[in-house]
Structure formats: structure tokens, C-alpha cells
Amino acid sequence: MNGYKLALRHKRSLLGLAFIIPWLLGFVFMFATPLIQSIRFSFSKLTVNPSGFILEPVGWANFKEALFVDATFNRILTQSVSEMVLNVPMILFFSLFSATLLNQKFRGRVLARAIFFLPVILASNAISAAETAGLINLVGDSTVVNEMGETASTYNIMSMVMILSDIGMPLSFVDYIVQAITRIYDIITSSGVQILIFLAALQSVPGAMYEVAKMEGATAYESFWKITFPLVSPLILTNVIYTIIDSFTGSAVTDMIFSTAFTTQNFGLSAAMSWIYTIIISVILVIIGVLLSRRVHYN
Amino acid sequence: MEASQAVRTEDNKYRLLKIKNKTIDTLYAIFRYALVIGISFIIIYPLLMKFSVAFKDKIDIYNPTIYMVPVNFTLDNMKMAMEILNYFPLLGNTLVFVIVTTLLTTASCALAGYGFARFSFPGSNLLFALVILTILVPTSTLMVPMYLHFRSFDILGVLHLFTGKQGVNLLNTYWPSIITSATAIGLKAGLFIYIFRQFFKGMPKEIEEAALIDGAGGVKTFLKIMLPNAVPPIITVVLFCFVWQYNDTFFTSLFMSESALMPIKISTLSAQANALIPGLMGAIGGANVKADPNHVAMIIDTGILLAIIPLIILYLVVQRYFVESVERSGIIG
């Protein structure tokens with residue numbers, strides 16, 4: 001009897017392995033091997049020849065070149081990492097806000113939802129690349145395009161700054177809000193999936209809880225902070241992580257790593273750059289994970 | 001007398017309170033509509049602009065009195081953009097590619113998700129942690145080795161052993177994407193495995209036990225019992241996978257930079273439009289004739305619109321399932 005049971009368990013675990021075999025193969029050959037190779041590449045000089053490639057170990061030279069010699073890498077790295085760090089809270093705030101808005105009952109809600117999720121399908125790198133190319137083509141200069149992008153939405157920003165600083169807000173906070181306003185289009189278009197996730201979370205909050213809170217005399221504001229927020233808080237972590245990994249595609253660093261590899265053919269340097277980027281991202285992810293998971297309410 | 005007075009004041013108090021509540025509600029509703037309409041406008045404004053540009057005649061570019069609604073309607077822009085993009089063959093090609101990769105990704109991710117949700121084998125937790133790792137590592141880290149890998153594709157040197165060749169060059173074929181999606185490691189596949197796992201974990205175990213008692217094996221249980229019940233995550237994954245594949249420029253430009261796929265063509269549309277428009281306009285003078293930049297911009301906008309129209313149609317059809325299935329797919333579990 002005992003032997004039969006063990007055999008059954010054995011069989012089950014073999015079956016389980018069979019189910020994940022496609023993924024396991026992919027993981028070993030398409031993820032783990034390239035990952036290890038990428039570490040090796042970052043410490044060597046790689047030359048491509050018709051039948052494959054030749055590696056020449058160079059130690060830390062690639063990393064040194066990326067950090068101290070290359071003129072633009074540091075700037076682009078700090079710029080896009082700090083942009084990401086700035087965007088995360090704004091996207092979170094906006095998506096939670098929109099999700100609560102879309103969760104309420106009002107006429108035309110179906111249409112509003114349809115429009116709010118449109119960015120999920122339209123946020124495309126190909127489209128934005130074509131759009132910038134078209135704009136560069138139109139004005140004939142790429143720096144002008146960048147300036148245009150900045151000034152296009154800054155029509156009355158100064159008066160806004162004045163008002164905010166007059167009511168005694170710290171200047172750095174004012175700066176942050178103003179940035180949020182000028183980048184509102186970016187934030188809205190990149191928070192489609194996050195709204196979807198928050199909305200799904202909001203729908204799973206039992207309505208009876210709000211009824212009880214109302215009977216006990218809680219205001220809408222109180223019931224948001226005491227009921228809604230704690231119950232969707234696990235999803236905040238999910239959304240932060242999603243926002244961060246979503247920023248990989250189309251970030252300036254990724255573009256630079258790509259062009260270092262395939263335009264200037266410096267594969268080793270490109271691998272070193274991508275590892276620096278990966279390490280910075282993982283440090284940020286670990287910090288956010290530790291900070292948030294302490295505060296999150298799990299039921 | 002005094003009692004009725006008291007009743008009346010009480011009555012008035014309630015009436016006042018009711019009016020107050022009602023005004024607050026109305027004000028809030030107005031505020032909410034203003035917000036929703038404002039945000040919706042920001043989202044659809046670029047789309048409206050593209051529609052307006054696509055049907056606008058060339059003469060209207062320099063007419064400053066025109067806003068959104070063109071005076072001279074024309075389909076010339078559409079025709080020209082279609083000609084430059086070679087639209088219908090391109091669209092067919094892209095759709096075949098995207099549908100194949102989507103189906104493969106969904107299948108392999110569903111298998112893996114089920115395997116992780118229901119079976120415990122040595123190291124299963126560690127392996128699932130590795131799935132999460134595949135989500136978190138930026139794709140740019142794997143870019144160069146993957147490229148070289150597919151440039152001379154050869155698993156464990158098997159091919160070299162048998163034929164003596166150095167491996168096959170799979171670049172500029174569809175194979176890199178097909179292989180990565182069939183092995184559940186392609187575009188954001190880790191996320192899809194996670195979605196499937198969460199859903200299968202939430203299904204009651206009794207169903208499977210009943211199937212087992214009735215004599216169904218593990219594979220049969222999966223195909224006949226679990227999959228038909230897993231419609232919400234399947235819809236979610238198929239939709240997201242389709243859209244992301246359709247929009248993806250990273251992997252396509254890495255592996256298939258010369259293939260006729262929509263994202264590649266769209267991102268290089270500007271250069272092509274510049275080169276081809278003078279010829280299409282029938283200009284004499286050859287390469288020296290430059291296209292009017294405003295006209296090129298118009299064609300680019302039309303091209304972008306043509307590229308996203310299939311997605312918009314798809315979205316309009318499945319939009320209602322989109323929200324529902326994400327709610328029920330167990331991401332939030």
C-alpha cells in the first residue's frame with residue numbers, strides 16, 4: 001500500500017515536470033545560457049566572424065569604459081533611471097485614482113472604461129518612433145523636436161508655480177507637481193494596465209464592508225482610506241513592479257545598449273552596460289519590495 | 001400646537017438636509033464628468049487628429065482656419081500610405097506571424113502555469129522563482145547572446161556533430177520568435193505563466209480528484225477539465241500577447257530587421273515616405289526633388305492610423321471581455 005502511494009506521488013511529480021518541460025527547455029537554452037554568456041561577454045572583447053565569434057578576456061575594461069570613458073552613458077543612465085523613479089508614484093497615483101473613478105456607477109461608464117484602456121493597445125514603440133521621425137522630418141532638426149516637446153504643454157506653468165509656492169508648499173514638491181502636469185500625457189498613456197489591475201482589485205472588495213462603514217457613520221473619505229486602500233495595497237507592489245519592468249522597453253538606456261551592440265559593433269561594452277543597468281534596476285526593485293511589503297496588508 | 005411646531009421644524013430640517021445632500025451629489029457628479037471627459041479627451045485627441053489628417057487634402061495643410069474637420073475630403077493619403085507600406089500583404093504577413101506566436105505562447109504558458117500550480121516536484125518553488133526572474137531581468141541583457149545564438153543556431157552542438165556545419169542562421173526568419181514563444185520565454189511570457197498559475201491555483205481541487213477517480217489521466221484532465229474552465233485567463237493572455245506582439249519593435253528589429261512586419265515598417269516609415277513620395281507624385285527631376293515635409297508628415301500620420309486600425313477594430317470587438325476577464329483571471333488573487 002505504502003509503495004503504491006509513493007509511486008503515485010512519483011508519477012504526479014513526473015507529470016508535473018512534463019507540463020513545464022517546454023518552459024524548462026526555453027529557460028535553460030534561451031534564458032540561463034544567454035544570461036551566463038552575457039556575463040562572459042561583459043568581461044571580454046567580442047569579435048564576430050562568419051562562423052561564430054571569438055572572445056578575448058579583458059577583465060573590467062568594459063565596465064570602466066562604460067562608467068568613466070563613455071561620454072553619454074552615465075548621463076543617459078541617470079536620466080532614465082531617475083525618470084522611472086519619478087514616474088512610478090505618479091502612474092500609481094493616477095491609476096488608483098482612475099480606477100476608483102471608473103469603479104463608481106455613472107452613465108457612460110462603459111464608454112469611459114473603453115477609452116481609458118485604449119492606451120493599453122496604443123502604447124507602441126513603433127508608433128512613437130514613427131511620430132518622432134515624422135516630427136524631426138517636419139522641422140528638420142532633432143533638438144528642436146525635443147524643445148518643442150517640452151514647451152508644447154508649458155503654456156501657463158509659471159503662474160501655477162507662483163500659486164503653489166505662494167500657499168507655502170516646499171519648492172521641490174511644487175517642482176514635482178509641475179512635472180507631473182507637463183508629462184500628463186505620458187503618465188496617462190502608460191497607466192492602462194495598472195488601471196486594469198487596480199480596477200479588478202476594487203471589484204473584489206465586498207460591498208457589504210462599505211455598507212457597514214456607512215452605517216457606523218464613516219464618510220466616503222474615511223472608508224476609502226480604511227477599507228479600499230488596505231484591500232488594494234497588495235496590488236500596489238504588483239503595479240510598481242509592472243511599471244518598472246514596463247519602462248525597460250523604449251527607455252533611452254535600452255536604445256543605447258542596442259545601438260552600442262549593433263551600430264558600433266562593440267558587443268562587450270554593450271553587455272557591460274546592460275549589466276550595470278540590470279544591477280541598478282534590481283537594487284531599486286529590492287528596496288521597493290522590502291519597503292512596501294512591510295506596509296502591505298495581506299488577508 | 002407646540003408638538004406640531006416641533007414636527008414642522010424637524011420636517012424642515014430633514015428637507016434642508018436632503019437638499020444639501022442632493023446638491024453635493026449633483027456637484028460631485030458634474031466634477032466627475034468633467035474629470036472623465038477631460039482625461040478621455042487627452043487619450044483620444046491624438047487618434048482624432050490622425051483621423052482628421054488622414055482624410056485631409058493637401059491643399060488644407062496651409063489653410064489656418066481649419067481645425068480637425070477638413071474642408072476638402074480625400075482618400076489620396078490613404079492610397080499613398082497603403083502603396084508605400086504595401087499594406088494588405090504586410091498586414092496579412094504580420095497577422096499570420098502574430099497569431100502563430102500568440103497561440104504558441106498561450107499554449108506553452110498554460111502548460112507551465114498548470115504545472116506550477118498543481119504539481120509539487122523537487123525544486124518546483126525554486127523553478128517558479130526563476131519564472132519571476134525572467135520577468136524582472138531587462139531584455140537588453142540577453143540581447144547580444146540571443147542574437148549570436150540565433151545567428152548560428154545549434155542546440156548543444158547536435159547539428160555540428162551530425163553534419164559538420166557550424167549551425168543555421170535563423171536571423172530574418174520567423175524561427176527565433178516561434179522558438180521563444182513555443183518555449184514560453186518570449187515577450188513577457190513570465191507574466192503570462194504567472195497569470196495562469198494564479199488562476200489554476202484558485203480552482204477547486206475536487207474537480208481534478210473527481211476526474212482522476214473517473215479514470216482520466218493528468219493530460220486528459222488538463223485538456224478536458226481545466227482548459228475549458230480557464231477561459232478568463234486565456235482571453236487575457238491571448239489579448240495581451242496579441243497586442244504586445246503586434247506592437248513589439250525590440251525583438252522584431254533584433255531578429256527580423258529585414259522582414260515585412262508592421263512594427264518595423266512603421267518605425268522606418270518616415271525615411272521611406274521621404275524617398276518614395278516624389279516618385280509617387282509623378283515629379284520630374286529624379287532624386288533632387290524633395291517631398292514637402294508637411295505632406296510627408298501627413299502620410300506618416302495616415303500610415304500610423306493604418307497600422308493601428310486592426311488593433312482598434314479588435315479592441316472594439318473584445319473590449320467588454322477585456323475588463324471582465326482580467327477581473328476573473330486571478331491576477332489579484
With respect to chain A, which residue among B:Ala184, B:Ala307, B:Pro138, B:Ser253 yields the maximal number of heavy-atom pairs within a distance under 4.5 Å? B:Pro138
Cut-off 4.5 Å, heavy atoms of chain A, and the answer for B:Ile37 is neither
Of B:Thr180, B:Thr134, B:Leu191, B:Val243, the largest count of non-hydrogen pairs under 4.5 angstrom with chain A goes to B:Thr134
Comparing A:Phe41, A:Phe31, A:Phe27 against chain B, the one with the most heavy-atom pairs below 4.5 Å turns out to be A:Phe31
Honestly, the part of B:Thr252 sitting under 4.5 Å from a heavy atom of chain A is neither
With a 4.5 angstrom heavy-atom cut-off, could you sort out which part of B:Tyr28 is near chain A: side chain, backbone, both or neither? side chain
At a 4.5 Å cut-off on heavy atoms, which part of B:Ile299 comes close to chain A: side chain, backbone, both, or neither? neither
Donor-acceptor pair, A:Ser282 side chain versus A:Ile279 backbone, under 3.5 Å? yes
At a heavy-atom separation under 4.5 Å, does A:Val193 approach chain B through its side chain, its backbone, both, or neither? side chain
Work out which heavy atom in A:Ser191 is nearest to a heavy atom in A:Phe94; give both atom names and the distance. OG-CD2, 3.2 Å
Which atoms of B:Ser120 come close to chain A, meaning under 4.5 Å heavy atom to heavy atom: side chain ones, backbone ones, both, or neither? backbone
Given a strict heavy-atom distance threshold of 4.5 Å, which part of B:Leu130 is in contact with chain A: side chain, backbone, both, or neither? both
Can you tell which of B:Leu316, B:Thr141, B:Ile179, B:Leu133 has the highest number of heavy-atom pairs within less than 4.5 Å of chain A? B:Thr141
Quick one: CE on B:Met262 to CG on B:Asp248, what's the gap to the nearest 0.5 Å? 14.5 Å
Which heavy atom of A:Phe19 sits nearest to which heavy atom of B:Gly218, and what is that distance? CZ-O, 4.0 Å
Note: A:Ser44 and A:Asn62 closest approach over all heavy atoms is O-ND2, 2.9 Å
Side chain to side chain contact (heavy atoms under 4.5 Å, CB included) between A:Tyr277 and A:Thr254, worked out: CA-CA 9 Å; A:Tyr277 186 46; A:Thr254 314; 4.2 Å; yes
Here the pair of heavy atoms bringing A:Ser274 nearest to A:Ile257 is CA-CD1, 3.5 Å
Heavy-atom contact with chain A under 4.5 Å, split by part of B:Phe116: both
Proximal component of A:Phe198, with respect to chain B [non-hydrogen, under 4.5 Å]: neither
When the 4.5 angstrom heavy-atom criterion is applied to B:Ile185 and chain A, the contacting part is side chain
With a 4.5 angstrom heavy-atom cut-off, is it the side chain or the backbone of A:Ala114 that approaches chain B, or both, or neither? both
Counting heavy-atom pairs under 4.5 Å with chain B, the top scorer among A:Gln37, A:Arg40, A:Gln104, A:Arg107 is A:Gln104
Distance (rounded to the nearest 0.5 Å) between B:Met146 CE and B:Phe255 CZ: 4.5 Å
Interface check, chain B: of A:Leu25, A:Leu35, A:Leu46, most non-hydrogen pairs under 4.5 Å belong to A:Leu35
When rounded to the nearest 0.5 Å, the distance separating OG1 of A:Thr243 from CD1 of A:Ile187 is 11.0 Å
So for A:Ile36, is it side chain, backbone, both, or neither that comes closer than 4.5 Å to the heavy atoms of chain B? neither
Please state whether the side chain, the backbone, both or neither of B:Leu314 comes within less than 4.5 Å of a heavy atom of chain A. neither
Go through A:Leu199 and A:Phe116 one step at a time and tell me if the side chain to side chain contact (heavy atoms under 4.5 Å, CB included) criterion holds. CA-CA 11 Å; A:Leu199 191 63; A:Phe116 272 62; over 6 Å; no
Greatest number of heavy atom pairs closer than 4.5 Å to chain A - which of B:Ile193, B:Ile39, B:Asp301, B:Leu47: B:Ile39
Kindly give the heavy-atom pair with the smallest separation between A:Thr33 and A:Phe29, and that separation in Å. OG1-CA, 3.6 Å
Let's go through A:Asp246 and B:Lys188 carefully: what are the C-alpha distance in whole Å and the side-chain angles of both, what is the deciding distance for salt bridge (Lys or Arg N to Asp or Glu O under 4.0 Å) to 0.1 Å, and is it a yes or a no? CA-CA 10 Å; A:Asp246 201 38; B:Lys188 299 201 181 172; 3.2 Å; yes
Proximity breakdown for A:Ser270 and chain B, heavy-atom pairs closer than 4.5 Å: side chain
Hey, what do you get for CD1 (B:Ile313) to CD1 (B:Ile308), rounding to the nearest 0.5 Å? 11.0 Å
Is it the side chain or the backbone of B:Leu311 that comes within 4.5 Å of chain A heavy atoms, both, or neither? both
Tested for ring-ring contact (aromatic ring centres under 6.0 Å, His included) against B:Phe222, the lone hit among B:Tyr114, B:Phe119, B:Phe196 is B:Tyr114
Counting heavy-atom pairs under 4.5 Å to chain B, which of A:Phe267, A:Phe262, A:Trp275 comes out on top? A:Phe262
Cut-off 4.5 Å, heavy atoms of chain B, and the answer for A:Leu24 is side chain
Where is the tightest heavy-atom contact between B:Ile266 and B:Gly303, given as atom of each residue plus distance? CD1-O, 3.6 Å
Name the region of A:Ile245, side chain, backbone, both or neither, that has any atom closer than 4.5 Å to a heavy atom of chain B. side chain
Sort out for me which of B:Ser124, B:Ala182, B:Pro122, B:Pro145 touches chain A most, counting heavy-atom pairs under 4.5 Å. B:Pro145
